[in-house]
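The figures here come from the full heavy-atom set of this structure, side chains too, leaving out hydrogens, waters and symmetry mates.
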Amino acid sequence: MIWNKYVGFAVLSNTAFHYLQHYSHYSSSHFLPVSQINVQVIHAKKIKDGSAHNSSISNYILNLYTKSNHLASAQKLFDEIPQRDVRTWTILISGFARFGLNGNALWLFIKMQKEGIVIPNEFTLSSVLKCSSSVSNGLRLGKSIHGWMMTSAVDLDVALGNAVLDLYVKCEALDYAKRFFELMSDKNVVSWNIMLAGYLGTEDMERSVKLFKMMPEKDVSSWNTTINGLLQCGSERDALKLLRQMTLDGPSFNEVTFSISLALMSSLRNLELGRQIHGKVRRLFIYEDTLVRASLIDMYCKCGQMEKASRIFQELHQGIVEVQHSHSVPWSTIISGYIHNGMLKDALEVFSSMVCDQLEVDVFTLSSILSATANSGLLELDNENWDEASKLRGLMQEREVVKLPGQSWT
């Protein structure tokens with residue numbers, strides 16, 4: 001079927017095609033170090049026995065390449081397929097989207113429209129709507145896609161409807177989101193969660209809580225989103241009240257719930273409840289989760305229990321608990337805790353270890369170290385601390401952190 005219905009999208013195609021061209025280049029630095037030999041062997045066998053020209057076989061191999069994140073090979077195979085069906089296009093578009101190459105996915109989608117031979121299905125559209133919310137000018141692009149869907153009478157199932165709704169929320173077009181949500185004939189808990197996140201993003205807590213109470217069904221994400229929204233808006237007491245209600249009426253906690261709960265205890269400086277949550281984390285065998293461990297460290301730091309926080313961090317650092325050591329959040333957390341509790345030398349020791357282990361140092365940690373050392377004058381004491389200053393100066397300049405008036409790099 002030829003793209004006869006496509007009228008409004010033709011205008012988008014001409015502008016967006018040029019707009020997205022600079023996104024279309026991807027390098028090997030985007031790819032994970034996954035072995036490619038199995039897919040290559042399968043591909044070679046299919047070429048040898050002559051079945052590689054079969055569209056089902058080609059799509060199968062293309063799918064293997066995208067799922068193993070070998071997108072350069074996938075693109076090469078895609079270009080060699082003479083007759084591409086909707087599944088061929090969707091596999092590669094979804095592959096780009098899955099690994100965050102949103103511009104590549106959109107560029108390929110525009111190319112699909114310009115050829116005008118294959119019509120996208122709901123899976124194609126869901127992928128490109130997701131990508132649209134992640135690029136500049138994404139709202140305009142997403143609205144054009146949605147407009148074409150309406151004029152072409154595309155059947156909006158709940159998954160595709162949620163993709164449209166999520167686009168408007170992520171692009172901060174809440175008026176569009178509200179109107180679309182009200183018109184959705186088929187909603188599920190994901191639909192309500194998307195809308196809930198939209199209201200929370202505007203810090204309209206009254207409307208957010210009202211929507212939460214109206215939800216016909218609530219999953220763990222609904223509770224997490226609302227509790228965290230209350231916490232972020234400074235309504236800690238309301239967040240604690242809702243957390244207690246969740247323990248009575250809601251679903252079981254997951255790792256995100258525990259991280260939010262510990263952040264709430266940190267904000268309230270409630271050591272007793274924090275210890276109770278810590279005990280539950282151990283009993284449920286989720287102690288290995290990096291973000292949960294970071295939340296525990298932060299809670300003990302905020303409550304002034306630096307010995308306990310240091311012990312948890314040392315367990316992580318020494319590998320007693322298997323975690324992703326490349327994750328810098330626990331390091332930044334303990335450094336911030338040491339500084340907050342006046343233990344600058346300990347903060348500098350962890351900072352030095354962090355640099356030696358080649359972990360990513362965020363701007364907040366760098367700024368905290370700089371501010372604390374400038375206030376104390378510690379970096380001017382001896383040669384050892386001078387070396388720390390040199391490391392710090394290099395990182396600050398690399399991250400383009402601006403000095404405050406009166407501060408020195410050393």
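S152 places no side-chain N or O within 3.5 Å of a backbone atom of M149 that could act as its donor or acceptor partner. Within the 3.5 Å criterion, the main-chain N or O of K130 finds a donor-acceptor partner in the side chain of S133. The backbone N or O of I57 sits less than 3.5 Å from a side-chain atom of N54, completing a donor-acceptor pair. At distances below 3.5 Å, not a single donor-acceptor pair connects side-chain atoms of K218 with backbone N or O atoms of G250. Listed for the S336 side chain is no donor-acceptor partner under 3.5 Å among the backbone atoms of S332. A donor-acceptor pair under 3.5 Å is absent between the side-chain atoms of S73 and the main chain of Y65, judged by distance alone. Between the side chain of R293 and the backbone N or O of P330, no donor-acceptor pair lies under 3.5 Å. S259 places a side-chain N or O within donor-acceptor distance of the main-chain N or O of E255, the cut-off being under 3.5 Å. At least one donor-acceptor pair closer than 3.5 Å links the side chain of T257 to the backbone N or O of N254.
Residues D186 and D157 are not in side-chain contact: their nearest non-hydrogen atoms beyond the backbone lie 4.5 Å or more apart. No side-chain heavy atom of N228 sits under 4.5 Å from any side-chain heavy atom of N224. Contact of the L230 side chain with the V209 side chain is registered, since non-hydrogen atoms from C-beta on lie closer than 4.5 Å. Residues H43 and I47 have side chains in contact (heavy-atom distance under 4.5 Å, counting atoms from C-beta outward). At least one side-chain heavy atom of I260 sits under 4.5 Å from a side-chain heavy atom of V256. Using a 4.5 Å heavy-atom threshold, the side chains of L211 and W192 count as touching. You'll find the side chain of R244 stays beyond 4.5 Å of the side chain of L248, heavy atoms only. Looking only at side-chain heavy atoms (C-beta outward), V86 and I119 stay at 4.5 Å or farther from each other.
N162 meets the side chain to side chain contact (heavy atoms under 4.5 Å, CB included) test with V158, M184, N188, V190, S191, I194; sequence neighbours excluded. Looking at residues two or more places apart in sequence or on another chain, you find a side chain to side chain contact (heavy atoms under 4.5 Å, CB included) between N270 and M265, L268, E272, L273. With sequence neighbours left out, T88 forms a side-chain hydrogen bond (donor to acceptor under 3.5 Å, both in side chains) with N59, D85. For N193, the side-chain hydrogen bond (donor to acceptor under 3.5 Å, both in side chains) partners two or more places apart in sequence, or in a different chain, are D219, S222.
Here the CG-CG distance, from N341 to D346, works out to 10.5 Å after rounding to the nearest 0.5 Å. For the atom pair I91 CD1 and S58 OG, the distance stands at 9.5 Å (nearest 0.5 Å). Separating the CD1 atom in I339 from the CD1 atom in I334 is a distance of 11.0 Å, to the nearest 0.5 Å. The distance from atom OG of S267 to atom CG of L240, rounded to the nearest 0.5 Å, is 10.5 Å.
Heavy-atom neighbours of E80 CD from other residues, nucleotides or ligands within 6.0 Å: above the threshold of 12. Within a 6.0 Å radius of NZ in K308, other residues, nucleotides and ligands contribute more than 12 heavy atoms. The 12-atom threshold is exceeded at NZ of K178, counting heavy atoms of other residues, nucleotides or ligands nearer than 6.0 Å. More than 12 heavy atoms of other residues, nucleotides or ligands lie within 6.0 Å of CD in E115, so this atom counts as buried by the packing criterion.
Nearest approach of M205 to L200, heavy atoms of both residues: CE-CD2, 3.4 Å. T66 and G95 make their closest contact through CB-CA, 4.1 Å (heavy atoms, listed as atom of the first residue, atom of the second, distance).
Side-chain polar atoms of D49 and S51 form a donor-acceptor pair below 3.5 angstrom. Using modelled atom types and a 3.5 Å distance limit, the side chains of N121 and T124 yield a donor-acceptor pair.
Residue pairs meeting the ring pair (Phe, Tyr, Trp, His ring centres under 6.0 Å) criterion with at least one partner in residues 216-235, sequence neighbours excluded, are F212-W223.
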>> Between S252 and V220, is the side-chain contact (heavy atoms from CB on, under 4.5 Å) condition met? List the steps.
In response: CA-CA 7 Å; S252 300; V220 67; over 6 Å; no

>> Before you tell me yes or no, could you show the steps for L92 and F109 under side-chain contact (heavy atoms from CB on, under 4.5 Å), namely the whole-Å CA-CA distance, both residues' side-chain angles and the distance that decides it to 0.1 Å?
In response: CA-CA 10 Å; L92 189 54; F109 179 67; over 6 Å; no

>> As a quick check of understanding, evaluate side-chain contact (heavy atoms from CB on, under 4.5 Å) for Y168 and L139, giving each step before the final call.
In response: CA-CA 7 Å; Y168 288 132; L139 178 59; 3.8 Å; yes

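In summary, of the residues considered (K345, M306, E349), a side-chain contact (heavy atoms from CB on, under 4.5 Å) with Y338 occurs for M306 alone. Checking each of F96, F123, F78 against W89 for a ring pair (Phe, Tyr, Trp, His ring centres under 6.0 Å) leaves exactly one that passes, namely F78.
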Distance-only criterion, 3.5 Å: show the donor-acceptor pairs between side-chain atoms of residues 294-302 and protein atoms not counting sequence neighbours.
residue : atom : partner : partner atom : Å
S295    : OG   : L291    : O            : 2.9
D298    : OD1  : K302    : NZ           : 3.3
D298    : OD2  : S266    : OG           : 3.3
D298    : OD2  : K302    : NZ           : 3.3
Y300    : OH   : H278    : ND1          : 2.8

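Taking the six-membered ring where the residue is Trp, the centroids of Y176 and H146 are separated by 6.0 Å or more.
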